[in-house]
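The next block holds one structure in the form of structure tokens; read it before the comments.
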Amino acid sequence: MLQIQTIRDKKEEIIQALTKRNLDASPLVNGVLDLDEKRRATQTQLDNTLAESNKLSKEIGHLYKSGKAQEANELKAKTSALKEDSKVLSEQLANATEELQTLLYQIPNTPHDLVPAGSSEEDNEEVFQEGTIPVLAEGALPHWELAKKYDLIDFELGVKITGAGFPVYKGKGARLQRALISYFLDKNTDAGYTEMQVPHLVNEASGYGTGQLPDKEGQMYHVTEDNLYLIPTAEVPVTNLFRDEILAESDFPKRYTAYTPCFRREAGSYGAHVRGLNRLHQFDKVEIVRVEHPSKSYEALDGMVEHVKNILRDLQLPYRILRLCGGDLGFTSALTYDFEVFSTAQDRWLEISSVSNFETYQANRLKLRFKDENGKSQFAHTLNGSALALPRVLAGILENYQTPDGIKIPDVLVPYCGFEVID
RNA sequence: GGAGGAAUGGCAGAGUGGUCGAAUGCGGCAGUCUUGAAAACUGUUGAGGGUCACACCUCCGGGGGUUCGAAUCCCUCUUCCUCCGCCA
């Protein structure tokens, strides 16, 4: 969430910036400022009451010690009124704080200057494109047909044991996916990201920390018995490793990578565009996460973009990079680049990575801070990106590398697969 | 799952009702000494709220209670340790 201090100092700028999200934030912002004032006034009253009460208690202690029980008892009577007051005040304070929190949770991150205005994905700005779109032979198939033809993925079997959106990968299909995971992890660790294996279930506090809660509760599978959530992305457990931490400046940069399955309910999204691997309830992803000094975070974002580019060059997949417009930008992000691979067989772009800088928005919720050169605590910046999401990369490879004689495996993956062609 | 024990500052570890935000040691930082370093010595060193700055308030695993007053007593939850059971 936004920092209350920033809202106090830069109210108009914030409202202005949020118009890019097509949001009139002035009622929210004004509400926040009113509540903030109310909260502080209540806090001051409570503090004064407690100070008075603390003082009396000390006196009572001294009086008892010096044997003046009579006088002590007189003072005791005075404290009961203060006690009543402080009880009422602390309830008011708790209410004001909670209301304030609720409002703050409703304000999305302020978009970076580079974020283009716009209302939907139509308005995203293409900033880069690279790679040759292959010309496929007559009769080229979409990946779900290829998966069936070569017995790589069984969607029906997944329906049988779980439901739609939970595919079963088989034989060379499973092996290719595993090869991609290993390859991505190797690329990431070579680039300085430390590999982590993290839990696939997280608690409520973690959900709040990275911003999945309370806004996107319906997107996560909730294990109510234990009040745990299946992770929608490794971003959640990995970023939460730093919850409640105060780093030293010398700790930067922090770079992590993790492979995890991801679980998303994706309620209500059905249709032609979600066929095959295009949208799943469970999928694999290799994530990169960085925690950075505020002055270095955009440099870091650019570095992550370059890194993902390198992977796609390695795989020789045609791709483009979009700068998300205000209307398409995630709630917690300040600036996001989406990577899309062109699928020739489907004749459409498939999103395979999303790289974002959250600035202090998550750090504020996480209480992730560092000591600056003056010894003062400041919020760090958090970033993350997919490197990469598996299903659509798999789809892109199957579709773009198909030949009448089978599917060729990209050169960099051959050592990981142990075969050169699927036929 | 059963029985017992524990949770205090970056770490270790005192503190069982008032003078405790908290001894002491280690670590960190600054200084003295030194050509430099080490050692030694001196000082300093938790977080949040609040204030122009002070004052002041809150926090001793989380929540609740007793009391004029709680790190200290009671209840509850969580986590960790030991023993037993089960088990990949």
Side-chain angles (χ1 to χ4, degrees), chain A residues 1-9 32-104 197-209 213 223-229 237 240-252 254 261 291 360 362-380:
Chain A
M1 60 194 159
L2 297 179
Q3 293 172 248
I4 187 71
Q5 190 60 52
T6 317
I7 298 178
R8 282 181 208 152
D9 296 344
V32 163
L33 290 174
D34 286 349
L35 277 168
D36 178 47
E37 210 161 299
K38 188 173 150 200
R39 200 212 92 234
R40 278 187 290 165
T42 312
Q43 174 95 62
T44 305
Q45 277 188 64
L46 176 62
D47 285 357
N48 291 339
T49 310
L50 288 175
E52 183 66 22
S53 160
N54 287 344
K55 218 172 91 186
L56 286 179
S57 290
K58 274 184 189 164
E59 277 180 45
I60 291 171
H62 289 307
L63 288 172
Y64 271 127
K65 285 239 160 114
S66 47
K68 297 174 185 164
Q70 181 70 31
E71 288 175 49
N73 285 328
E74 281 165 27
L75 280 187
K76 271 194 196 180
K78 283 175 80 176
T79 58
S80 62
L82 290 173
K83 227 183 149 183
E84 281 304 307
D85 288 353
S86 67
K87 200 171 174 184
V88 172
L89 285 168
S90 57
E91 264 166 36
Q92 285 175 4
L93 179 65
N95 289 339
T97 306
E98 200 188 317
E99 282 177 56
L100 180 59
Q101 188 82 312
T102 305
L103 275 194
L104 279 172
Q197 291 187 3
V198 291
H200 301 164
L201 284 160
V202 293
N203 57 29
E204 213 174 17
S206 295
Y208 276 96
L213 296 176
V223 182
T224 51
E225 184 81 20
D226 302 286
N227 199 23
L228 296 173
Y229 295 86
N240 271 282
L241 295 172
F242 293 96
R243 179 149 44 84
D244 294 320
E245 290 290 319
I246 301 179
L247 303 171
E249 271 190 285
S250 55
D251 290 331
F252 294 123
K254 290 278 188 189
V291 181
T360 61
Q362 290 182 330
N364 189 16
R365 292 193 180 188
L366 292 160
K367 300 212 180 350
L368 163 51
R369 293 156 291 175
F370 70 97
K371 289 270 189 212
D372 67 17
E373 67 271 23
N374 300 317
K376 294 195 71 173
S377 287
Q378 278 191 46
F379 288 118

* To do: Whole angstrom is fine here: how far is it from NZ in Lys87(A) over to C1' in rG65(B)?
  => 10 Å
* Rounding to the closest angstrom, what is the interatomic distance between rG65(B) and rG13(B) at atom C1'? -> 30 Å
* To do: Hunt down the Watson-Crick or G-U wobble partner of rC11(B), both distances under 3.5 Å, from any strand shown, or write none.
  => rG25(B)
* To do: Name all pairs fulfilling the side-chain hydrogen bond (donor to acceptor under 3.5 Å, both in side chains) condition that reach into residues 80-89 of chain A, sequence neighbours left out, sorted by first residue then second.
  => none
* **Atom-to-atom span, CD of Glu59(A) to P of rU19(B) - whole angstrom** => 14 Å
* Asked: Taking the same atom, C1', in rG2(B) and in rG85(B), what whole-Å distance lies between them?
  -> 8 Å
* If you count the non-hydrogen atoms of other residues, nucleotides and ligands that lie under 6.0 Å from CD in Glu249(A), is the total more than 12? -> yes
Return the polar atom pairs (N/O with N/O) between nucleotides 67-73 of chain B and the protein under 3.5 Å, or none.
residue	atom	partner	partner atom	Å
rC68(B)	O2'	Ser57(A)	OG	3.1
rG69(B)	O4'	Ser57(A)	OG	3.3

* **Rounded distance (Å) that lies between atom P of rA47(B) and atom CZ of Phe370(A)** => 14 Å
* To do: Write down the distance between NZ (Lys376(A)) and C1' (rG49(B)), rounded to a whole number of angstrom.
  => 13 Å
* Structure fact -> The side chain to side chain donor-acceptor pair (under 3.5 Å) partners of Gln43(A) (sequence neighbours excluded) come to Asp47(A)
* Glu204(A) has an atom CD; how far is it from atom C1' of rC77(B), in whole Å? -> 15 Å
* Quick one: Asp244(A) CG to rG9(B) C1', roughly how many Å, whole number? -> 16 Å
* Gap in Å between the two P atoms, one belonging to rA37(B) and one to rA30(B), rounded -> 12 Å
* Rounded to the nearest Å, what distance is computed from the CD atom of residue Glu37(A) to the C1' atom of nucleotide rG49(B)? -> 16 Å
* Asked: Along nucleotides 50-60 of chain B, 5' to 3', which nucleotides get a B, which get an S, and which get a -, given that the test is a protein heavy-atom distance under 4.0 Å?
  -> SS----SSS--
Could you tabulate the donor-acceptor pairs under 3.5 Å formed by side-chain atoms of residues 95-103 of chain A, not counting sequence neighbours?
residue	atom	partner	partner atom	Å
Asn95(A)	ND2	Glu91(A)	O	3.4
Thr97(A)	OG1	Leu93(A)	O	2.7
Thr102(A)	OG1	Glu98(A)	O	2.8

* Check the side chains of Ser206(A) and Asn203(A) for a donor-acceptor pair under 3.5 angstrom, ignoring hydrogens and angles. => yes
* To do: Identify the nucleotide, in any strand shown, that forms a Watson-Crick or G-U wobble pair with rC59(B), with both distances under 3.5 Å; if there is none, say none.
  => rG46(B)
* To do: Answer with yes or no whether the side chains of Gln5(A) and Asp9(A) bring together a donor and an acceptor at under 3.5 Å.
  => yes
* Asked: In whole angstroms, how far is the C1' atom of rG28(B) from the CD1 atom of Ile246(A)?
  -> 15 Å
* Side chains of Asp372(A) and Gln378(A), donor plus acceptor under 3.5 Å -> yes
* Using purine N1 to pyrimidine N3 plus N6-O4 or O6-N4 for Watson-Crick, or N1-O2 and O6-N3 for G-U wobble, each under 3.5 Å, what pairs with rA40(B)? -> rU32(B)
* Inspect the contact between Asp34(A) and Lys38(A) and indicate whether a charged nitrogen and a carboxylate oxygen are less than 4.0 angstrom apart. => no
* **Set of residues satisfying side chain to side chain donor-acceptor pair (under 3.5 Å) with respect to Ser57(A), sequence neighbours excluded** => none
* Structure fact -> rG4(B) -> Watson-Crick or G-U wobble partner, both distances under 3.5 Å, gives rC81(B)
